[in-house]
2 protein chains.
Amino acid sequence: MRILLAEDEPELNRALVAVFTKNNYSVDSVFDGEEAVTYLTEGDYDCAVLDVMMPKMDGITALKTIRKAGKTLPVLILTAKSEIDDRILGLDSGADDYLTKPFAVKELLARVRAITRRLTVGVDANLTYGNCTLSRSSYLLSAPGGEVRLTNKEFQILEMLMSAPSQVISPETFMEKIWGFDSDSDIGVVWVYVTYVRKKLAQVKANVNVKSLRGAGYTLEIV
Amino acid sequence: MRILLAEDEPELNRALVAVFTKNNYSVDSVFDGEEAVTYLTEGDYDCAVLDVMMPKMDGITALKTIRKAGKTLPVLILTAKSEIDDRILGLDSGADDYLTKPFAVKELLARVRAITRRLTVGVDANLTYGNCTLSRSSYLLSAPGGEVRLTNKEFQILEMLMSAPSQVISPETFMEKIWGFDSDSDIGVVWVYVTYVRKKLAQVKANVNVKSLRGAGYTLEIV
DNA sequence: AAAGATAAGCTTAAATAAACCTTAAAAAGG
DNA sequence: CCTTTTTAAGGTTTATTTAAGCTTATCTTT
């Protein structure tokens with residue numbers, strides 16, 4: 001499995017090369033976006049890991065460039081903060097996943113494994129469960145009763161639930177992954193958004209709802 | 001859940017012990033790397049939190065040492081801010097995650113949860129004994145007679161029993177591990193929950209019940 | 001060895017506390 | 001402005017704890 005890594009911090013670059021190598025990937029690494037584009041358009045990689053902030057060309061632009069050139073390989077974006085804008089930008093421009101720094105190496109490996117497993121981009125841009133689908137690019141939730149646009153937070157809640165439909169996700173986990181560790185919002189905001197998501201699911205007559213397991217968290221169920 | 005904390009700054013050490021204790025971990029704390037190695041090789045911990053800069057032996061060396069000794073427990077490394085080299089060394093040497101100081105306590109707890117979750121939920125999300133299984137993610141107990149959801153406390157009682165089916169667990173141990181060291185609830189609450197667990201086991205027609213050994217504690221038996 | 005006495009454990013119902021829901025309105029941000 | 005997000009408050013439901021009366025095993029005494 002061949003990976004291209006684009007990361008300008010020398011130490012992190014070196015370390016990630018070591019990690020990937022240790023896990024039986026063959027890695028080429030570059031230190032800026034232009035190099036990344038060159039390698040990706042000319043070489044044959046199974047996956048790319050791109051930092052956002054890089055000299056000469058940022059990761060998002062690099063990604064857009066190679067997508068325009070017809071490259072469909074799975075791409076994982078590294079962002080410095082949990083900047084929603086970066087994230088949306090990344091997904092719009094055809095990223096398959098993103099990871100905010102700092103991250104656990106195991107998580108990086110898991111995500112790389114996940115996106116290389118599908119190996120087709122765009123196909124997985126929609127999530128499906130029950131009779132409804134959620135578009136990752138447009139935030140549109142559609143079901144027999146029509147379609148409705150979700151707001152950012154609503155989308156992230158439902159995305160997390162739909163990408164692991166049998167898992168139980170605790171309000172604290174939502175808080176951590178969506179609002180971030182340093183958020184000082186009350187946990188109650190999760191409850192509010194669960195209500196909103198339920199309303200929108202009902203509005204499009206989805207046969208799916210968000211079930212709460214008191215003391216454990218939320219999970220999706222088909223009614 | 002047992003944690004070993006190695007941190008040489010006295011105030012931070014004390015504060016973290018307090019935080020972990022409050023969150024129902026049992027913590028042992030040490031102040032240098034050599035002690036950390038001793039405790040970790042001889043004791044039985046579920047997780048370790050190691051500072052990098054410590055007297056006698058640094059955290060990275062301690063980590064490498066225990067990994068060489070075959071310890072696979074999840075380890076989180078604490079590094080002073082922006083010491084990238086330390087961070088990298090940590091990842092190379094087998095750390096599961098790292099956190100740069102200063103950090104938010106919430107984030108520390110979240111990361112410890114994350115790396116220990118792999119331990120419990122990741123591989124072995126279900127417990128089995130006799131003809132019944134208990135799902136760690138949904139708190140669902142299932143057996144030939146159907147399935148039923150356990151509450152938090154019920155789940156923890158049964159989880160402890162099922163993860164060591166032949167062991168006898170005293171009411172005091174339940175109290176300590178589930179309600180916490182500083183709980184001022186009466187021990188009688190354990191009797192109450194044992195009753196509830198028995199009822200639910202019967203409800204799903206499990207061939208398992210909670211046997212009490214007077215003066216000793218409880219254990220599971222197959223009827 | 002039988003009769004109480006004592007303590008350990010059992011069960012239930014009611015009271016309390018915590019988790020969760022919903023709505024409306026205020027605040028933040030484009 | 002208009003939309004999204006957060007806060008706040010009151011309401012509902014469910015989990016947890018308390019408390020009290022109960023059973024059963026073990027121990028004491030005769």
Side-chain angles (χ1 to χ4, degrees), chain A residues 82-89 138-141 148-159 161 168-175 177-180 182-203 209-221, chain B residues 22-24 138-141 148-159 161 168-180 182-203 209-221:
Chain A
S82 60
E83 291 267 325
I84 284 295
D85 284 344
D86 285 345
R87 181 172 169 281
I88 292 172
L89 223 48
S138 64
Y139 290 21
L140 277 173
L141 171 68
V148 63
R149 226 181 84 84
L150 303 190
T151 72
N152 234 309
K153 291 287 195 284
E154 289 165 357
F155 170 77
Q156 289 183 76
I157 294 269
L158 191 54
E159 182 192 28
L161 288 167
V168 178
I169 304 175
S170 72
E172 288 75 18
T173 304
F174 281 119
M175 211 58 204
K177 300 254 181 197
I178 300 177
W179 279 264
D182 46 350
S183 157
D184 33 49
S185 288
D186 190 82
I187 192 84
V189 77
V190 174
W191 301 329
V192 173
Y193 273 98
V194 167
T195 297
Y196 291 165
V197 168
R198 282 174 177 151
K199 270 190 188 155
K200 294 210 170 160
L201 281 167
Q203 187 183 323
N209 73 359
V210 182
K211 177 172 193 181
S212 89
L213 306 177
R214 179 169 281 241
Y218 297 93
T219 192
L220 288 183
E221 68 171 1
Chain B
K22 201 167 191 177
N23 283 270
N24 294 325
S138 61
Y139 294 8
L140 231 44
L141 172 68
V148 65
R149 236 184 65 83
L150 304 189
T151 72
N152 239 313
K153 292 286 195 289
E154 289 165 357
F155 169 78
Q156 289 184 76
I157 295 267
L158 191 54
E159 182 191 29
L161 288 167
V168 177
I169 304 174
S170 73
E172 288 76 18
T173 304
F174 281 120
M175 210 57 204
E176 212 175 277
K177 299 250 180 195
I178 300 177
W179 278 264
D182 51 350
S183 159
D184 42 352
S185 288
D186 191 82
I187 192 85
V189 77
V190 175
W191 323 137
V192 174
Y193 272 98
V194 167
T195 297
Y196 291 165
V197 168
R198 282 174 175 152
K199 269 190 187 155
K200 294 210 169 161
L201 282 168
Q203 187 182 325
N209 73 358
V210 182
K211 177 171 195 176
S212 86
L213 305 175
R214 178 168 278 244
Y218 298 93
T219 191
L220 289 183
E221 67 170 3

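Residue numbers begin at 1 in each chain, while the letters A, B, ... track the order of the sequences. Just so it is clear, the values below take in all heavy atoms, side chains as well, and ignore hydrogens, waters and symmetry mates.
Taking the six-membered ring for Trp and thresholds of 30 and 60 degrees, A:F174 and A:Y218 have ring planes inclined between 30 and 60 degrees apart.
When the P atom of C:dG29 is taken as reference, atom CG of A:N152 falls 14 Å away, rounded to whole Å. Residue B:I157 contributes atom CD1, which lies 16 Å from atom P of D:dA15 at whole-angstrom precision. Distance CG (A:D186) to P (C:dA27): 17 Å, rounded to an integer number of Å. Atom pair A:Q156:CD and D:dT6:P shows a separation of 10 Å (rounding to whole Å applied). Atom C1' of nucleotide D:dT5 and atom CZ of A:F174 are separated by 17 Å, given to the nearest angstrom. Here the P atom of nucleotide D:dA19 and the CD1 atom of B:I187 are 16 Å apart, to the nearest Å. With rounding to whole Å, A:F155 atom CZ is found 12 Å from D:dT5 atom P. Atom pair A:M175:CE and C:dC20:C1' shows a separation of 15 Å (rounding to whole Å applied).
Residue A:W179 places no side-chain N or O under 4.0 Å from the OP1 or OP2 atom of D:dT5. Checking the phosphate oxygens (OP1, OP2) of D:dT16, a side-chain nitrogen or oxygen of B:T151 falls inside 4.0 Å.
Between the side chain of A:R198 and the backbone N or O of A:N209, no donor-acceptor pair lies under 3.5 Å. With A:E154 contributing its side chain and A:T151 its backbone, the two residues share a donor-acceptor pair below 3.5 Å. When atom types are taken as modelled, the side chain of B:R149 and the backbone of B:L141 share no donor-acceptor pair closer than 3.5 angstrom.
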Protein heavy-atom contacts under 4.0 Å, written 5' to 3' over nucleotides 8-16 of chain C as B (base), S (sugar-phosphate only) or - (none), form the string BSBBBB---
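In this structure, CG on A:L161 lies 4.5 Å from CG on A:L220, to the nearest 0.5 angstrom. Atom OG1 of residue A:T219 and atom NZ of residue A:K211 lie 9.0 Å apart, to the nearest 0.5 angstrom.
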